[in-house]
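Below is one structure; the comments refer to it alone.
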Amino acid sequence: MPTMRKYLFSAGFALLVAATCVSITVMTPPAFASEIKYVVNDIPVTTGDIAHRAAFLKLQRKKGDAGQEMIDQTLRMAEAKRLGIRISDAQVEAAYQRFASSNKMQLSQLDGVMEKSGVTKGHFKEFIRAQMAWNQALSARYRSGDGTGAVSEQDIVRKMLEKGGSKPSATEYMLQQVIFVVPAAERSATLGKRKREADAMRARFSGCNTTREFAKGLIDVTVRDLGRVLAPQLPPDWAEQIKATKVGGATVTRETERGVEFIGICSSREVSDDKVAQMVFQGESSGDKNADELSKKYVDELKAKARIVKR
């Protein structure tokens, strides 16, 4: 059963799979002047934004109100910002590349589909950013139990045992994060050099006990002990790599908004406790319908409080 985060993230991408795997014969739309159509809590939504979303709906072979979709997306992004959720350009680029790969397309081919259909890769990437941010906002709301009737870990375990089940287990990881810091102002000039340094240190990684010793002679390298993290709690961008890495090893390096990073796997073990039971219960009870309902309710609440002005 998919978790809420996985469902909402993949749903936005799955909408395009059929459309992008067929040939596009439409001509490139002509350029046009973009004017403000709506103002949503002081954030403008332009006719250009709406035209790109209309093209996106057409590409998906999906009916919908492009203007309303852009209003909803603006509200979602504003809410994510209020919650302190930030999706970096690197995360968006990685997701864009994964989408191309999963559909057996070169990036240039996907770029072409986006441009020829009138969607543009810029609009699609902002859609990706919005989906990722909204997933995190929904996950935070779901975990808080706001409007979901959440119950305690002990209540969940009791219900499982009453049905003849047993507490589920999960892998618990002890993790260490290594960050080769790259200031934003120096990113274009030093990112390549820092990545080579991070790759070299990662190749020498043989366990978490020696990491700080290796980092002593390096400039602007941060080593963080992340402590114990259960598999369902792993950061989405790192989860698959962490699970595929042996104890004592390190994930491949990744470029992030902070610089270049990798995560060392200090240890792992199987655990079974009330917290695991709660996460499994939430995952099993958060199907597509539940996710859609929660998302709609959340957006409706935001819309009821919003100032939306049509120009």
- Hey, does Arg76 have a side-chain heavy atom less than 4.5 Å from the side chain of Glu79? no

Practice task
Measure the acute angle between the ring planes of Phe56 and Phe127, then classify it against the limits of 30° and 60° as parallel, tilted or perpendicular.
Solution key: perpendicular

For the residue pair Glu172 and Arg269, establish whether any side-chain heavy-atom pair is separated by less than 4.5 Å. yes

Check: Does Gln109 use its side chain to pair, donor to acceptor, with the backbone of Gln106 at less than 3.5 Å?
Finding: yes

| query | Any side-chain donor paired with an acceptor under 3.5 Å for Ser108 and Asp111? | reply | no

Hits for side chain to side chain donor-acceptor pair (under 3.5 Å) against Thr222, two or more places apart or cross-chain, chain-then-number order -> none

Only one of Gln177, Gln241, Lys243, Arg202 passes side-chain contact (heavy atoms from CB on, under 4.5 Å) with Thr251, and that residue is Gln241

Determine yes or no for a side-chain-to-main-chain donor-acceptor pair under 3.5 angstrom, with Asp225 supplying the side chain and Gly227 the backbone. no

- Query: Taking the side chain as C-beta and beyond, is there a heavy-atom pair between Leu234 and Leu175 under 4.5 Å?
  - Reply: yes

Partner of Val45 under side-chain contact (heavy atoms from CB on, under 4.5 Å), picked from Gln73, Glu69, Met70, is Met70

When you check the side-chain N and O atoms of Glu213 and Thr210, is any donor under 3.5 Å from an acceptor? no

- prompt: Would you say Lys121 has more than 12 foreign heavy atoms packed within less than 6.0 Å of its NZ?
  reply: no

So, do Ser88 and Thr256 sit near enough that their side-chain heavy atoms are less than 4.5 Å apart?
no

Steps toward salt bridge (Lys or Arg N to Asp or Glu O under 4.0 Å) verdict (Glu126, Arg129)
CA-CA 5 Å; Glu126 284 310 301; Arg129 191 191 307 276; 3.2 Å; yes

Distance only, no hydrogens: is a donor on one side chain within 3.5 Å (strictly under) of an acceptor on the other, for Thr253 and Lys195? yes

Can you check whether Val113 reaches Leu59 side chain to side chain, under 4.5 Å on heavy atoms?
yes

- Whether over 12 other heavy atoms sit under 6.0 Å from Lys81 NZ: no

Those residues at least two apart in sequence (or on a different chain) that pass side chain to side chain contact (heavy atoms under 4.5 Å, CB included) with Lys310 are Lys37, Tyr38

